[in-house]
Amino acid sequence: MNYSSKIIENAVKALSGFPGIGTRSALRMVVFLLKRPKEEVNQLAESLMLLKTTLKSCRVCHNISDEEVCNICKSPNRNHRQLCVVEDMQDVMAIENTAQFNGLYHVLGGVIAPMDGVGPDSLNINSLVTRIENGHFEEVIIALNPNVEGDTTTFYIARKLKTASVQISTISKGISIGSELEFADEITLGKSISLRVPYQV
Amino acid sequence: MRINNLSIYQFKNHKDFKIDLNTDISCITGKNGQGKTNLLDAIFMLSACKSYFNAIDYQLILHGESSAALNAEFYNGQQLDIQLIIEQGKKKKLKLNGKQYDKLIHHIGLINVVIITPDDIELIKGNSDERRKFIDLMISQTDRVYLNHLSEYHKLLDQRNRQLKLFADHQHFDSIILESFNERMLAPCEYIHQKRQTVLKEIQAAFKQYYRSFQSGSEEVVLKYESALNSDSFEILLKSSLNKDLAIQRTSVGIHKDDILFEINGYPLKKFGSQGQNKSFIIALKLAQYHFLAETVKQSPILLLDDIFEKIDEERAEKLIHLISQESFGQIIITDTHAERMRKYFENINKSTKFVEL
């Protein structure tokens, strides 16, 4: 595409680097911004800058945080005996949205994938082990994605925590609620049969 | 299973090509280089989601173009419109009745075909991966669990091998991470081994019988499954090969090392088979595959014969024609360079037959 201005071209280039945004959408965003009042654009720029300058990762759980220790870790209202291990901050948000879990989190920052050069040392696994050894946790829930890398990482963590006196569980796998069995893929349906749960009346 | 028509767009040497295939037997003739084999490969691709001949997808696109498309109407009791789109730099897209598959492997097993081509001599002459590819495709067409285990096993194997390299690069060893891969590989590996063993046993009788119908001698042929897992469990094998794996920086045991030994009178066919015996062996093996698929899924696959009559003598040809014109065989698509020969062989068969010249 030919742009009449280098400044616009640069802005489009920068925005089209976002996931899911192509040059056309980027151009629409640029044109939109041009039409907005200056203060509003300033505010946007500022809030973006703050992401990089002020935002921290929690020293305890590695979740994204405005302070040294995040609100969840600090909260006296949460169950400090339950810990949920997740891959990244988006997973924390997803689980928080369920309102079904009131324990603490530990964000790994990825999963073990040698093909992508990610080993246990580049993840927050050592800090997890230390946290369990020094804390008063009763249960660790490993909530990673049910794929090859996620499952490998789950096994690795469970092995690392074998000697700690804490109960380890993983999130259950199966049919999504409101769906229909006949449309479920064989793996999921097979797993939900083999991992069936007792039904009590 | 039947294919009613096929259209090919910018695929290999076809610019835009359409053909009706709604007879029991279609004989497609033409000179070399007209794209006869490519036509069969197009049908194979709509079944297996990959070419029988080229491993690299973008090389399948007509030279100078950026995309290719295959469309065909199949019938297995209901109409199945299958469309495959290959675009440069993108993932292949496959649609069934207009709906795109999330994952290509979900399609495997819906359309079953068996292809016999002169290139199949590689099954005898080539490396063990040719033979593993053969048995993997055959089983995958009938067993979704096998296919999933196979894909998972290979993902884990890649990760494990990379990890072994990383240990060497960083001069650091972590037994737990290796254990994490090992543990996850056990179930897929045992399943695949078990299944390969069972299926090879199952096709043995049909294979021998087919071989015997092409070859009149008294030689004994056998398909022998060679695998370290025949004698030890994968867990034990991994343990005992740990030092070797660390030294060579890859996984030295597992079903990715299996082989099927083709033997004639107890000796390797590769070294001791005559040309005639080799041809009989391959055709018998492929017909055994056909038999297995037909029995397992209770539906005759589509049989694709690529330039076979060029390569075998008249006696074998007549036996093959006699076999495949039986009731138990379904639709057959044949390519050949000689229109005359095809008419002579297939004109008097008691099946609907059509002759097309490219």
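Chain A is the first sequence line, chain B the second, and so forth, proteins listed ahead of strands; every chain is numbered from 1. Worth saying up front: this structure is predicted, and the values here are computed from it rather than measured.
Within 6.0 Å of CD in B/Q100 there are more than 12 heavy atoms belonging to other residues, nucleotides or ligands. Within 6.0 Å of CG in A/D66 there are 12 or fewer heavy atoms belonging to other residues, nucleotides or ligands. Counting non-hydrogen atoms of neighbouring residues, nucleotides and ligands closer than 6.0 angstrom, the CZ atom of B/F134 exceeds 12 such neighbours. Around the NZ atom of A/K56, the shell of radius 6.0 Å holds more than 12 heavy atoms that belong to other residues, nucleotides or ligands. Within a 6.0 Å sphere centred on CD of B/Q79, heavy atoms belonging to other residues, nucleotides or ligands number more than 12. B/F173 CZ: more than 12 foreign heavy atoms inside a 6.0 Å radius. When the shell of 6.0 Å around CD of A/E139 is examined, it contains more than 12 heavy atoms from other residues, nucleotides or ligands. No more than 12 heavy atoms of other residues, nucleotides or ligands lie within 6.0 Å of CZ in B/R250, so this atom counts as exposed by the packing criterion.
Taking CG of A/D185 as the reference point, atom NZ of B/K103 lies at 7.5 Å (rounded to 0.5 Å). One finds the CD atom of B/E183 at 10.5 Å from the OG1 atom of A/T152 (value rounded to the nearest 0.5 Å). Put simply, CG on A/D121 and CD1 on B/I177 are 8.5 Å apart, with the number rounded to the nearest 0.5 Å. Atom CD in A/E149 sits 12.5 Å away from atom OG in B/S180 (nearest 0.5 Å).
Side-chain contact check for B/K155 versus A/M115: every heavy-atom pair is 4.5 Å or farther apart. Between A/I112 and B/Q159, the closest side-chain pair of non-hydrogen atoms is not below 4.5 Å. Residues A/Y156 and B/E179 have side chains not in contact (no heavy-atom distance under 4.5 Å, counting atoms from C-beta outward).
Contacts between B/L166 and chain A at a heavy-atom distance below 4.5 Å involve the side chain alone, from C-beta outward. Only the side chain of B/H172 comes within contact range of chain A, judged by heavy atoms closer than 4.5 Å. For chain A, the nearby part of B/D174 is the side chain; its heavy atoms alone come within less than 4.5 Å.
The two residues B/R184 and A/V148 have their closest heavy-atom pair at NH2-CA, 4.3 Å. Taking both residues in full, the closest heavy atoms of B/Q163 and A/P114 are given as OE1-CG, 3.1 Å, listed atom of the first, atom of the second, then distance.
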